Amino acid sequence: MGLTTRFTELFNIRYPIVQGGMMWVGRAELASAVSNAGGLGILTALTQPTPDDLRREIDRCRTMTDQPFGVNLTILPSVNPPPYAEYRQAIIDSGITIVETAGHKPQEHVEHFKAHGIKVIHKCTAVRHALSAERMGVDAISIDGFECAGHPGEDDIPGLILIPAAADKVRIPMIASGGFGDGRGLVAALALGADGINMGTRFCATVEAPIHQKIKQFIVDNDERATNLIFRRFHNTGRVAKNAVSDQVIEISAKPDAVFEDIRSLVSGAKGRLALETGDVEAGLVWAGQVQGLIRDIPTCKDLIERMVDEAKKLISTRLANILPSKVVEAA
Ligand SMILES: Cc1cc2nc3c(=O)[nH]c(=O)nc-3n(C[C@H](O)[C@H](O)[C@H](O)COP(=O)(O)O)c2cc1C
């Protein structure tokens, strides 16, 4: 038996659990495993070196699952931006029906996707941005709290406040993101008004995540304090795992006259990729969130999702149900 919410109905999936776009991690192996397990797997467009590579990756994912999956398009401010319009066209041409957008000024992309009948989930970190995306015509919101890996924004509002604050105003289906890793989090998100959850870090520590075993073990060994906030002074805050590189970035950035150029080589995507592929946890930035403190094993996506759903069902039907006065009286 699945779990039914407005989100599962809209996207025709069994469980309201999404694997968010992840640079270098969101490849066909992971996205298909999540979708096969009843969640929604998402490929990361910019992980592919060219739009044609993305077309091939989408084809490859289709050979690995017959379930719905999506593609993430992350639009970040950049001096030399990737050819976003060409990646977008590759997504459209490939017949993808679900896109996760994230980042700055998604309007142009949302309009094109919507014109081609594609359902758009926009991931953002503030209620005002969620409402603006809703007005733009997106189909669902993914609201990312301060706990999250990646870019939590500059408002520093944790999920416990952000999720209900957004749920009070957003009318379209909304999933909660940042800090989720088990069935307790799933039930909490539903209680706070979300229609499901999005996870990043938790899916990195799974059998199918296409990254080195030592990185998965690093995540398991880390606790909830093992993250650093970088790029704060450049107004593009990122939450990454604590390691020598992110410590150094913070140290350099704290100098009064620090400019981005001072840290550019340390934070390069190529070095981050090297860390994920070689398992050298000090080779570059390793993006991970506070939920590391709740991650204690490396299951398959199927085992993880089924365990979370079982835990959620048990919590709802026993622990929470037993709190109701009638049950207490019956039990007395
Ligand atoms: C390794 C890694 C890479 C990520 N890369 C991206 C990305 O390219 N685009 C994006 O929108 N989000 C990215 N994220 C954020 C996730 O999609 C998700 O929003 C976030 O991980 C949720 O927080 P959690 O890690 O606590 O589950 C990344 C997260 C991780 C862990």
Side-chain angles (χ1 to χ4, degrees), residues 3 5 7-8 11 13-27 29-44 68-70 72 74 98 100 102 121 123-125 140-152 158-160 162-163 173-190 192 194-211 215-216 219-220 222 224 227 239-241 286-312:
L3 287 178
T5 69
F7 191 86
T8 59
F11 292 99
I13 53 175
R14 203 166 150 81
Y15 304 124
I17 300 178
V18 177
Q19 165 251 313
M22 286 186 279
M23 198 60 185
W24 310 127
V25 189
R27 300 176 190 270
E29 288 78 7
L30 181 61
S32 64
V34 172
S35 290
N36 283 334
L40 180 64
I42 296 190
L43 295 174
T44 305
F69 66 91
N72 164 285
T74 303
I98 305 169
E100 178 194 54
I121 306 165
K123 187 167 62 190
C124 53
T125 58
I141 296 292
S142 181
I143 194 92
D144 223 354
F146 186 48
E147 304 89 334
C148 73
H151 293 279
L160 201 54
L162 186 63
I163 301 159
M174 184 188 85
I175 55 172
S177 177
F180 295 101
D182 58 27
R184 296 172 298 183
L186 172 55
V187 173
L190 297 173
L192 291 171
D195 302 291
I197 56 169
N198 178 62
M199 303 195 297
T201 308
R202 175 64 270 200
F203 278 122
C204 289
T206 58
V207 170
E208 295 91 345
I211 57 177
I215 298 290
K216 300 179 189 182
I219 292 172
V220 169
N222 277 341
E224 62 277 12
T227 68
R239 190 185 290 285
V240 295
V286 177
W287 295 77
Q290 295 178 317
V291 73
Q292 288 179 117
L294 303 179
I295 299 175
R296 297 184 190 117
D297 61 357
I298 304 169
T300 62
C301 290
K302 183 170 186 289
D303 286 349
L304 172 65
I305 289 177
E306 285 179 358
R307 181 170 78 195
M308 288 179 63
V309 169
D310 283 350
E311 190 186 4

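Owing to the predicted nature of the structure, the values given are computational and were not obtained by experimental measurement. Atom set for the values below is all heavy atoms of this structure, side chains included, hydrogens, waters and symmetry mates excluded.
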Exercise for review: Report yes if the side chains of Glu147 and Val291 come closer than 4.5 Å at any heavy-atom pair, otherwise no.
Suggested key: no
Would you find a donor on one side and an acceptor on the other, under 3.5 Å apart, between the side chain of Asp195 and the backbone of Met174? yes
*asked:* Could you tell me if the side chain of Ile211 sits less than 4.5 Å from the side chain of Trp24, heavy atoms only?
replied: no
**Q.** N/O donor-acceptor pair under 3.5 Å between Thr227 side chain and Gln290 backbone
**A.** no
Closest non-hydrogen contact found for Ala209 with Val25 is CB-CG1, 4.4 Å
For Pro299 and Leu304 the tightest heavy-atom approach is CG-CB, 3.8 Å
One should read off an interatomic distance between Asp303 CG and Asp310 CG, to the nearest 0.5 angstrom, of 10.5 Å
- Item | Donor-acceptor contact present, side-chain Lys302 to main-chain Asn36, <3.5 Å | no
Nearest heavy-atom contact between Trp287 and Arg239 is CE3-O, 3.4 Å
request  = Start with the C-alpha distance between Phe203 and Cys301, add both sets of side-chain angles, then the distance that settles side chain to side chain contact (heavy atoms under 4.5 Å, CB included), and finish with yes or no.
outcome  = CA-CA 7 Å; Phe203 278 122; Cys301 290; 4.1 Å; yes
Q) With distance as the sole criterion, is a donor-acceptor pair present between the side chains of Asn198 and Ser177 under 3.5 Å? A) yes
Quiz prompt | Side-chain (Glu208) to main-chain (Leu30) donor-acceptor, under 3.5 angstrom | solution = no
Separation between CD1 (Ile175) and CD (Glu100), nearest 0.5 Å, reads 7.0 Å
Rounded to the nearest 0.5 angstrom, the CG-SG distance for Leu162 and Cys148 is 9.5 Å
For Leu192 and Ile163, the nearest pair of non-hydrogen atoms, with its separation, is CB-CG2, 3.7 Å
Between the CG atom in Leu40 and the CZ atom in Arg14, the distance rounded to the nearest 0.5 Å is 15.0 Å
(message) Does His151 form a side chain to side chain contact (heavy atoms under 4.5 Å, CB included) with Thr125? I'd like the steps, not just the answer.
(response) CA-CA 8 Å; His151 293 279; Thr125 58; 6.0 Å; no
Q) Given Ile215 and Cys204, is the side chain to side chain contact (heavy atoms under 4.5 Å, CB included) satisfied, shown in steps? A) CA-CA 9 Å; Ile215 298 290; Cys204 289; over 6 Å; no
Output for pair (Ser142 OG, Asn72 CG), nearest 0.5 Å, gives 10.0 Å
Minimum side-chain heavy-atom gap Leu3-Ile17 below 4.5 Å: no
So, the side chain of Thr8 versus the backbone of Thr5: is there a donor-acceptor pair under 3.5 Å, distance only?
yes
dist Arg27:CZ -> Thr44:OG1 (nearest 0.5 Å) comes out at 9.0 Å
Closest non-hydrogen contact found for Leu186 with Phe180 is N-CD2, 4.3 Å
What one should report as the nearest heavy-atom pair of Phe11 and Pro68 is O-CG, 3.9 Å
_Applying side chain to side chain contact (heavy atoms under 4.5 Å, CB included) to Met308 and Ile197, what does each step give before you reach the verdict?_
CA-CA 11 Å; Met308 288 179 63; Ile197 56 169; 3.6 Å; yes
Are any of the side-chain nitrogens in Asp297 or Arg307 under 4.0 Å away from the carboxylate oxygens of its partner? yes
